[in-house]
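Below you'll find the structure, written out as structure tokens, and then a few comments.
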2 protein chains.
Amino acid sequence: MAATIYDVAALAGVSIKSVSRVLNREPNVSAALQAKVQAAVVSLDYQPNLSARSLAGASSYLIAAFVDADLTLEHWRSGRGNDYLSRLQFGALEECRKAGYHLLVELVDYGAPSLEARLVALLRSLRPDGVLLTPPNADDPTVLDVLERTGTPFVRLGAERDLGRGMRVFMDDRQAAADMTAHLIGLGHRRIGFVSGPDAYPASRARREGYDQALQAHGLVAEPDLVVEGDFTFASGRRAGEALLTTDPRPSAIFASNDDMALGVLNAAASLGVSAPGGVSVCGFDDTPSAMFSTPPLTTVRQPVAEMAAAATRMLLEAARDPDRTVEKIDYILVERASTQPPG
Amino acid sequence: MAATIYDVAALAGVSIKSVSRVLNREPNVSAALQAKVQAAVVSLDYQPNLSARSLAGASSYLIAAFVDADLTLEHWRSGRGNDYLSRLQFGALEECRKAGYHLLVELVDYGAPSLEARLVALLRSLRPDGVLLTPPNADDPTVLDVLERTGTPFVRLGAERDLGRGMRVFMDDRQAAADMTAHLIGLGHRRIGFVSGPDAYPASRARREGYDQALQAHGLVAEPDLVVEGDFTFASGRRAGEALLTTDPRPSAIFASNDDMALGVLNAAASLGVSAPGGVSVCGFDDTPSAMFSTPPLTTVRQPVAEMAAAATRMLLEAARDPDRTVEKIDYILVERASTQPPG
DNA sequence: GTGAAAGCGCTAACAC
DNA sequence: GTGTTAGCGCTTTCAC
């Protein structure tokens, strides 16, 4: 059977408390004792039992990520994949691993009336040391309430708004969209179409604002019929692309609020016999894998999801040590590829 | 503070053992007692503590998925995403959730000399009730040894070979590749290029065999210069596409062993001025999101990763009840899209 | 059918 | 500095 703390203590000839001290790097341990314990740990191949630790102590060595169940399952069923989640996971996983923590992804039914009860159940049974809240539900009041009530530290990912609750890590979606729009203007484009995302996503609204702001800053007017609302799917991008490309005069560039919709625009352009970027420049937002491998490859904004998740996880793990670090802003990168060029 | 089993017992006027019996659906409980306990559970909003349960009992209510760390981090860094992992997760997560289990994704350094020690540490500290092994490491002998030694049930995902160790869920990659090849032959193609994956992946070898087999079955010869090896990346697909499209006579169709490489072939064709599917039909394997949204959308084999993961998770959870169910074969689907057509 | 008591393997308080 | 003791909240064994 696996060794326990008693086995280690016996072999080292010390008390279990001393073993515990060494294991948890508590102060006031002599070098000699520490050496003895460490030797015993190695020779017994001892590994502390997580359940016992979390039952006795204050921490569970578990970080949970709350992910929207409906949205995620819908992504899965439609075969769209979930690039956001996998990138989030990599970032969080790396940090957890370094710190000896484990990451748990939990699907949460945000719409359900039983939401509160289920969250309470989850937090009580798991007692995670921290929770990562993902968009578009990073500011759901029910969730924030439960988290605060149970005293669980949490980070709101991608939350630009400061609610004064929990920690947050975000990027400046508005500025990124403004930069991208300015980039198109810099290339010489004057009629620039915009495919917005659903209003429910705060990030979506921010991107729209950035577009408007950049146009104004360059003395251009945001014409209402150059803005079409999509729902972040390829199909909606395709529809929006068809609408925009059949307006007269045709926009010379189209900026879609995410890559899936940008690919839809590209597809619509191909159907209508408009070449890209020759006939129309197209750019997206997110830098998903599909953006890299499309024809032409997509100019887009790289949203550093993994970095955001890594930063958020670090904040969670270090919250006790550094309680003042409650917000972090992560830089985006404008990735210029072949789908944009000066207007023909 | 959260209610414990003692609170429930006190309120219901029974012993904690009775509460435990009701919670775990053990036999020999009177209806009256059960009703009392359930009422108390509801009124106290009681939720058993996972750590306490797993410390005292035999199960941890945790399922772990072992994922190749290097491969995964490389995917992440290159921005390629990891569609396999996210689909796996959805399938497994759903099943876990239904059964009150939790899913833990663990990055494993398969190449490392410390592999065994780290796995032992992981298994001892977490004590998962089951492990999901993902390709290409689903038959690593070190891992299988440790798993068997610690008595952890495991499922090898995508493992066609029966090692007589653990359970497995797989699809018939060979037959799927043969079907796809036969489909191209059925369209009228006779010179069919093939982009293989790395030999290290068992699935990759199986797909190659399926291609060969279908050609032979239709009286065609597999010409060596029509087969190029890639490494499952877009870039390698692009190179392979260039090589294949500049052979003389040019193949009228190219079958790539995965979608990323098929997109690379599509990109190479565009660069060389060969239209698709007019000039060359292209098809892939996996049905990743990018395959749906490419121009033209890709004909491909849908690998039902989520279904495989769901089946594997069910096998793990029901292993005690149904010890004979050790292998399950999942059906693939040939998805015909616009990237293939009869030769011009 | 039901319950009392003894752990599971740790951490936390407190003594020494 | 180091050890003793008492839990953490459950499941398990074994009486009744």
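Order of the sequence lines sets the chain letters (A, B, ...), proteins ahead of strands, with each chain counted from 1. Only heavy atoms go into these numbers, but all of them, side chains included; no hydrogens, no water, no symmetry mates.
For dG9(D), its base never sits under 3.5 Å from the side chain of R127(A) at any donor and acceptor pair.
One can place CG of L55(A) at 13 Å from P of dC8(C), the figure rounded to the nearest angstrom. Here the C1' atom of nucleotide dT12(D) and the CG atom of N28(B) are 15 Å apart, to the nearest Å. Residue K36(A) contributes atom NZ, which lies 7 Å from atom P of dG3(D) at whole-angstrom precision. Across the protein-nucleic acid pair, I5(B) atom CD1 and dT2(C) atom P stand 15 Å apart, rounded to whole Å. Atom CD in E26(A) sits roughly 13 Å away from atom P in dG3(D) (whole-Å rounding).
An OP1 or OP2 oxygen of dT11(D) is reached within less than 4.0 angstrom by a side-chain nitrogen or oxygen of N24(B). For the pair S20(B) and dT12(D), the criterion of a side-chain N or O lying under 4.0 Å from OP1 or OP2 is not met. For S30(A) and dT2(D), the shortest distance from a side-chain N or O to OP1 or OP2 is below 4.0 Å. Between dC10(D) and Y46(B), a contact under 4.0 Å exists linking OP1 or OP2 to a side-chain N or O. Side-chain nitrogen and oxygen atoms of S15(A) include at least one within less than 4.0 Å of the OP1 or OP2 phosphate oxygen of dG3(D).
Closest contact between the side chain of L33(B) and the listed nucleotides dG3(C), dC10(C), dT2(D) involves dG3(C). Picking from dC10(D), dT4(D), dT12(D) the nucleotide with the shortest atom distance to the side chain of A58(B) gives dT12(D). Distance from the side chain of K17(B) is smallest to dT13(D) among dT2(C), dG3(D), dT13(D). Distance from the side chain of R21(A) is smallest to dG3(D) among dG3(D), dG9(D), dT11(C). The S18(B) side chain lies nearest to dT2(C) when the options are dC10(D), dT2(C), dG9(C).
Relative to the ring axis of F170(B), R168(B) places its NZ or CZ within 45° and under 6.0 Å from the centre. R53(B) forms a cation-pi arrangement with Y61(B), by the criterion of a distance under 6.0 Å to the ring centre and an angle within 45° of the ring axis.
Looking only at side-chain heavy atoms (C-beta outward), L317(A) and I63(A) come within less than 4.5 Å of each other. Considering only heavy atoms from C-beta on, D162(B) stays 4.5 Å or farther from V327(B) through its side chain.
In this structure, CG in L316(B) is found 10.0 Å from OG1 in T152(B), a value given to the nearest 0.5 Å.
Side-chain contact, S51(A) with S54(B): a donor N or O sits under 3.5 Å from an acceptor N or O.
Sequence order on DNA chain C of the closest nucleotides to A56(B) and G13(B) puts G13(B) first from the 5' end. When each of Y6(A) and V14(A) is assigned the nucleotide of DNA chain D with its nearest heavy atom, V14(A) is the one assigned upstream, toward the 5' end. If you find the closest nucleotide of DNA chain D to I16(A) and to P27(A), the one lying nearer the 5' end belongs to P27(A).
Contacts of N49(A) with the nucleic acid, taken as non-hydrogen atoms under 4.0 Å apart, involve only primed sugar atoms and P, OP1 or OP2. Residue L23(B) is classed as having no contact, given no heavy-atom separation below 4.0 Å to the nucleic acid.
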